[in-house]
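Starting off with a structure, shown below.
No hydrogens, no waters, no symmetry mates; every other heavy atom, side chains included, goes into these values. Letters A, B, ... are given to chains in the order of the sequence lines, protein chains preceding strands, and every chain is numbered from 1.
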Number of protein chains: 2
Amino acid sequence: MTLMERDDNHLSSVKNALRILKSFTMDEPEKKISDLSATLGLNKSTVSRTMSTLASEGFVFKDPETKKYRLGLSILSLSGIVNSHMDVYRESQPVLNRLVENIGETAHISVLDNLEVIYLNKVECNHPVRFLTHVGKRNPPYCTSSGKVLLAFSNDKIVESVISKGLKKFNKNTITEPENLLLHLKKIRHDGYAHSIEEFLEGVNSIAAPIYDYKGKVIAALSVVGPKQRIQANKIPSLSKRVIQAAMDVSERMGYYPRK
Amino acid sequence: MTLMERDDNHLSSVKNALRILKSFTMDEPEKKISDLSATLGLNKSTVSRTMSTLASEGFVFKDPETKKYRLGLSILSLSGIVNSHMDVYRESQPVLNRLVENIGETAHISVLDNLEVIYLNKVECNHPVRFLTHVGKRNPPYCTSSGKVLLAFSNDKIVESVISKGLKKFNKNTITEPENLLLHLKKIRHDGYAHSIEEFLEGVNSIAAPIYDYKGKVIAALSVVGPKQRIQANKIPSLSKRVIQAAMDVSERMGYYPRK
DNA sequence: TTCTACGTTGCATATAGAGCAACTAGTACA
DNA sequence: TGTACTAGTTGCTCTATATGCAACGTAGAA
């Protein structure tokens with residue numbers, strides 16, 4: 001470890017362990033020690049000992065059949081604590097349940113974290129698009145409806161940072177011009193909702209609206225997402241009213257008093 | 001750290017970090033460095049540096065208002081991966097949704113982990129008892145209906161270990177005699193379900209049934225839980241049929257073929 | 001049967017991490 | 001307003017830990 005890293009005053013062996021945990025993904029929920037060694041640039045005995053320590057506290061376990069490591073149930077225990085003490089998570093649950101029942105599409109609550117959208121809650125409809133999103137999933141904020149809502153009500157520095165990171169083209173409708181994105185955000189502030197028509201994922205549309213706290217600050221976004229065959233462009237105006245209303249319902253449960 | 005711990009071959013600074021994470025609870029979701037120092041027997045500068053490292057990777061954050069630390073969203077990101085790659089979690093979701101809709105009580109999926117019951121999935125009814133359980137919550141296995149189901153279909157060593165840990169009396173109906181517990185487990189194997197009438201929590205009843213995998217092994221339990229005013233003792237026989245059927249539905253989705 | 005890859009572990013060494021002390025900031029109390 | 005106390009941070013030192021290397025064992029593939 002270089003002196004530069006040392007000056008950072010973070011514990012490098014703890015960082016190793018956390019980087020190992022974060023290397024598990026949806027696509028790769030199982031990991032071999034040798035692969036982690038290669039990916040993270042750590043000696044395989046370092047990885048082996050760190051994994052062993054993580055396993056001793058239940059953060060990972062070695063699958064006896066595949067001999068690979070997977071994330072363990074201590075993660076779930078902690079996530080229950082994270083969820084249960086999030087006001088917006090708790091207050092949104094019944095509203096999302098009703099919305100999903102009425103509209104018939106999957107709905108989410110999300111926030112901006114580290115210049116990304118992260119989904120805090122999700123209620124699936126009866127005919128979900130499999131593996132589209134999941135609680136904890138992170139997505140780019142500039143080409144998802146909830147991300148655009150959150151950016152629209154964020155300060156300029158955050159928007160500039162997202163733009164600086166680059167607006168990668170994920171799909172044919174992805175916004176890649178900074179000026180175009182800023183225009184979109186302006187319109188979103190005016191309309192009170194955002195939509196995404198195949199901006200991020202092929203064949204996937206979504207609509208989102210802001211959730212306010214008791215101070216009137218936008219703290220989260222509520223969104224519905226589904227295939228374009230079911231969330232057709234011509235249905236977006238009527239659906240957006242439902243989404244705005246649901247987001248307002250959650251806001252009111254958060255103590256927000258809308259001014260008429 | 002003693003030589004004995006050293007022989008354990010676990011990385012002590014990583015263990016410190018994991019113990020700090022695990023010290024967050026439902027009742028104490030916010031932590032001060034000085035409190036952690038006292039609780040964990042670590043120097044406050046050790047705790048401070050470890051927290052700083054955990055924060056740098058998003059596992060905790062310092063609440064600007066309370067100046068205390070809370071669990072961060074990296075936990076949520078990992079838990080999404082844990083959930084999504086659990087077959088029993090995925091396959092149980094629609095069954096739990098239907099069951100909760102039909103019965104009107106909260107339902108769970110749980111497994112045995114480290115001699116405790118841990119809840120993997122939860123679908124809340126429209127009138128939940130607040131803060132009863134949450135995903136990731138751990139409970140003693142000998143006085144919850146799902147725990148008793150899981151013990152009933154576990155090998156004798158596991159049951160003996162639970163008994164050796166002691167059968168603490170949580171409520172007036174808690175089973176505290178080992179022989180009595182073994183009789184209960186035998187009856188559960190015979191009946192195909194378990195119930196708890198205020199064995200663990202005051203005023204709370206529950207019913208659970210086993211979930212089988214494709215090999216016919218019990219891998220989880222499905223349960224419903226509610227206040228005794230709604231889950232009355234005389235309703236348990238009819239409710240248990242619904243719970244057994246729902247658990248069987250999940251089992252079949254897991255590839256289990258029941259022998260007739 | 002042999003070879004290769006993976007994971008584990010003994011050992012040596014360099015440095016990271018733990019603890020102490022000093023400092024800063026904030027709060028409570030007189 | 002001033003003082004005292006507590007909490008948290010950070011510089012510094014020293015020792016024990018963590019890392020990496022090499023060797024070993026095991027399992028699977030050729």
Side-chain angles (χ1 to χ4, degrees), chain A residues 1-25 28-72, chain B residues 1-25 28-72:
Chain A
M1 184 189 64
T2 66
L3 185 59
M4 182 65 75
E5 288 169 331
R6 171 66 169 157
D7 278 347
D8 203 16
N9 234 346
H10 288 151
L11 310 184
S12 60
S13 43
V14 173
K15 260 181 121 74
N16 287 344
L18 300 179
R19 285 173 66 215
I20 286 173
L21 286 177
K22 291 174 90 175
S23 69
F24 288 89
T25 63
E28 269 199 285
E30 288 194 313
K31 290 285 187 178
K32 287 164 62 182
I33 285 178
S34 49
D35 288 341
L36 283 166
S37 171
T39 305
L40 300 179
L42 297 169
N43 194 281
K44 59 181 178 164
S45 55
T46 300
V47 177
S48 177
R49 290 193 172 101
T50 309
M51 274 296 200
S52 181
T53 307
L54 289 167
S56 75
E57 298 291 338
F59 282 80
V60 299
F61 69 97
K62 195 170 182 181
D63 190 311
E65 290 188 1
T66 63
K67 305 281 196 266
K68 293 180 181 181
Y69 282 88
R70 304 179 72 103
L71 290 171
Chain B
M1 185 190 66
T2 66
L3 186 58
M4 181 65 72
E5 288 170 331
R6 170 71 168 151
D7 278 347
D8 205 14
N9 234 343
H10 289 152
L11 310 184
S12 60
S13 44
V14 174
K15 258 179 120 71
N16 286 346
L18 301 179
R19 284 173 68 216
I20 286 175
L21 286 178
K22 290 174 89 177
S23 69
F24 289 89
T25 63
E28 268 200 286
E30 289 193 313
K31 290 284 185 178
K32 287 162 64 184
I33 286 176
S34 50
D35 288 342
L36 284 166
S37 172
T39 305
L40 301 180
L42 297 169
N43 195 280
K44 60 183 179 168
S45 54
T46 300
V47 177
S48 178
R49 291 196 171 99
T50 309
M51 273 297 197
S52 181
T53 308
L54 289 168
S56 75
E57 298 289 339
F59 282 80
V60 301
F61 68 98
K62 194 171 184 181
D63 190 310
E65 291 187 2
T66 62
K67 305 280 195 274
K68 293 181 180 179
Y69 283 88
R70 307 180 70 107
L71 290 172

Problem - Side chain B/T39, main chain B/L36, donor-acceptor under 3.5 Å - result: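 Flag not set: sc B/T39 to bb B/L36 has no pair under 3.5 Å.
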Practice task
State, yes or no, whether a side-chain contact exists between B/L40 and B/N16 at a heavy-atom distance under 4.5 Å.
Solution key: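 No, every pair of side-chain atoms sits at 4.5 Å or beyond.
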Exercise for the section: Determine the minimum heavy-atom distance between A/L42 and A/S37, stating which atoms define it. Expected result: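 In terms of heavy atoms, the two residues are closest at O-OG, 2.5 Å.
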Problem - Nearest-0.5 Å distance, CD1 of residue A/I20 to CG of residue A/L71 - result: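 A/I20 atom CD1 to A/L71 atom CG measures 11.5 Å (nearest 0.5 Å).
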Problem - Main-chain N/O of A/R49 paired to A/S52 side chain as donor or acceptor, under 3.5 Å - result: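 Between the backbone of A/R49 and the side chain of A/S52 there is no qualifying donor-acceptor contact (under 3.5 Å).
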Handout entry: From A/H10 atom NE2 to B/T50 atom OG1, the distance as rounded to the nearest 0.5 Å
Key =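 Output value for this atom pair is 10.5 Å.
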Problem - Lys/Arg-Asp/Glu bridge criterion (N-O < 4.0 Å) met for B/K15, A/E57 - result: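 A salt bridge is present here (some side-chain N lies under 4.0 Å from a carboxylate O).
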Practice task
Using a 4.5 Å cut-off on heavy atoms from C-beta on, say whether the side chain of B/P29 contacts that of B/R70.
Solution key: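 The answer is yes, as the side chains (C-beta and beyond) meet within the 4.5 Å cut-off.
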Handout entry: Residue-phosphate contact under 4.0 Å: A/N16 side-chain N/O, D/dT19 OP1/OP2
Key =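 Yes, such a contact exists.
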Handout entry: Short side-chain N/O contact from B/S13 to OP1 or OP2 of C/dA16, under 4.0 Å
Key =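 No.
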Exercise for the section: Name every residue in residues 57-67 of chain B that has at least one heavy atom under 4.0 Å from any atom of DNA chain D, in order of residue number, or write none if there are no such residues. Expected result: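 Only B/K62 qualify.
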Handout entry: Side-chain (B/S56) to main-chain (B/T53) donor-acceptor, under 3.5 angstrom
Key =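 It does hold such a pair.
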Problem - Note, A/V60 side chain near A/F24 side chain (heavy atom, < 4.5 Å) - result: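 They are in side-chain contact.
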Problem - Whole-Å distance separating the CD1 atom of A/I20 from the C1' atom of D/dA18 - result: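 Roughly 13 Å, once rounded to whole Å.
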Problem - Whole angstrom value for the distance that separates P of C/dG7 from NZ of A/K31 - result: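 The distance from NZ of A/K31 to P of C/dG7 comes to 12 Å, rounded to the nearest Å.
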Problem - Spacing of B/L11 atom CG relative to C/dT15 atom P, expressed in whole Å - result: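 Interatomic distance, CG of B/L11 to P of C/dT15: 18 Å.
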Practice task
Would you mind reporting whether A/Y69 and A/L54 have side-chain heavy atoms less than 4.5 Å apart?
Solution key: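 No. Closest side-chain heavy atoms not under 4.5 Å.
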Exercise for the section: Using a cut-off of strictly less than 4.0 Å between a heavy atom of the residue and any atom of DNA chain D, enumerate the qualifying residues of residues 32-51 of chain A by number. Expected result: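 Heavy-atom contacts with DNA chain D come from A/N43, A/S45, A/T46, A/R49.
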Practice task
Describe, as an angle rounded to 10 degrees, how the axis at the first end of the helix from C/dT1-D/dA30 to C/dA30-D/dT1 is tilted relative to the axis at the last end, five pairs per end.
Solution key: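 Roughly 40° between the end axes, to the nearest 10°.
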Problem - Interatomic distance, A/H10 NE2 vs D/dT10 C1' [rounded to whole Å] - result: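 One finds 13 Å between C1' of D/dT10 and NE2 of A/H10, rounded.
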Problem - Length of the line joining B/K15:NZ and D/dT17:P, which is rounded to integer Å - result: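 Spelled out: NZ on B/K15 to P on D/dT17 is 14 Å.
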